[in-house]
Amino acid sequence: MAEQGENMNKSDSTSEPNQDELILAQQRQIEKEISDSIPLVGDKELITSLNNEYSADNIYLEKVRDLATKYKFIRRTRPDGNCFFRAFSYANIERLLGKPDEFEAFYKVAENSKDGLVKLGFQQLTVDDFYDTYMEVLKRLKNIENLSEAYKELHSVFNEQGFSDYMVVYLRLLTSGQLQKEHDFYSCFIEGDRTVADFCHQEVEPMYKESDHIHIIAACAALQTGVKVIYMDRGIGKACTEHDLPEGTSPTVHLLYRPGHYDILYQ
Amino acid sequence: MAGSALRRLMAEYKQLTLNPPEGIIAGPINEENFFEWEALITGPEGTCFEGGVFPAKLVFPPDYPLSPPKMQFTCEMFHPNIYSDGRVCISILHAPGDDPMGYESSAERWSPVQSVEKILLSVVSMLAEPNDESGANVDAAKMWRENRIEFNKIAEKIVRRTLGIPT
């Protein structure tokens, strides 16, 4: 049967070039070229390094000046649509290094998280590898006693595409799980007639989909921690706008948002 | 990376062997290479493709399941959502944002928690209910809309061919 199929295919296959796929392939190529020049997670740099990006832009330069009164360093992430998840995941683990009790508490939260996802209807088979990778990384870091070694290991793991992307996927799944678990609450924030589950399948679970407020709030709830987001855009005023998410929590992770992109900030 | 893809593909193969969905068989063509599978899909009952057994090939990227596989029927096909060379064009094989065919925004998309099984089940639904809005085969889409009797005749011929019955 297979043979017959192949014969038919030959006579039938004029293999016209498929424009749609060519366009997609080219788009991928451009994205790849952009992203290959920027590491997944960069080194800590002085906050004033932002000035180089805006040398001719007074609005932004004012805002960098304001930012520099509150933050000393920035760590850039690759702008590939995963930047919020990668930055948040990295900064959240980084803050736990050197704090064994808090690390242990977070480890427990992470350890129990897979059962929650399976209960919500995620097929275990599709979750296993991401969960295993996430736990493997946490375990590895937990066992490193020397703090500077642990920082180094975290940095190297997050710059290894395989590990880094699996960490991103797992946080995406936890975020999706959180949204679906609390769907009554989150459904108010979803525009159009999409259900929370549809929203998760289309906007949260797929790689490279950018994050909005709703992703951040749910990710914070899933990891049981708060984020302060500093918004820097061309809007009026000399200061950047700040938001603690979820509202009322004291943030443990600080992120800089510029339209379409998140980086990590350090005080 | 390829290690994780292989582990996942082996797990999916095991699951599909232990718990095959009705009317679908799928697995690696050769167990030395888990990145190329063959699938056999039975035409859904009560449709013009009923009774046919359609062979297809699935090719997985090294970063599977971060990216979706590609799927191509290896038998003759005539269907609005299948290119004339057999390539399948449905939303679950594309990540959101990849919108060559202008899929509905609510359509099912690829994500790492999708699976071969979900793709094949979507293909079965596609055989039963073509989406004539996203025409990979414009002639088939037009005929499906305007001349269902003729469409059914062609489908029947294809079904017979997949079974090796003279047409």
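Naming convention: chains lettered A, B, ... in sequence-line order (proteins, then strands); numbering from 1 in each chain. Please read all numbers here as calculations on a predicted model, not as lab measurements.
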So if I apply the side chain to side chain contact (heavy atoms under 4.5 Å, CB included) rule between Pro112(B) and each of Tyr166(A), Tyr170(A), Phe130(A), which one comes out positive? Phe130(A)
Counting heavy atoms not belonging to Ile149(B), are there more than 12 under 6.0 Å from its CD1? no
Would you compute the distance between atom OG of Ser111(B) and atom CE of Met207(A) and round it to the nearest 0.5 angstrom? 11.0 Å
Look at atom CD of Glu36(B) and say whether more than 12 heavy atoms of other residues, nucleotides or ligands are closer to it than 6.0 Å. yes
Glu12(B), part contacting chain A, at a heavy-atom distance under 4.5 Å: both
So for atom CD, which belongs to Glu45(B), do other residues, nucleotides or ligands contribute more than 12 heavy atoms lying within a distance under 6.0 Å? no
More than 12 heavy atoms from other groups under 6.0 Å of CD1 on Ile144(A): yes
Quick one: CZ on Arg109(B) to NE2 on His201(A), what's the gap to the nearest 0.5 Å? 13.0 Å
Using non-hydrogen atoms and a 4.5 Å limit, figure out which bit of Gln123(A) sits close to chain B: side chain, backbone, both or neither. side chain
Arg7(B) side, atom CZ; Asp132(A) side, atom CG - distance, nearest 0.5 Å: 7.0 Å
Quick check: are there more than 12 heavy atoms from other residues, nucleotides or ligands sitting under 6.0 Å from NZ of Lys57(B)? no
Taking all non-hydrogen atoms of both residues into account, name the closest pair between Arg8(B) and Thr126(A) and its distance. NH2-CG2, 3.4 Å
Does Lys118(B), at its NZ atom, have more than 12 non-hydrogen atoms belonging to other residues, nucleotides or ligands within less than 6.0 Å? yes
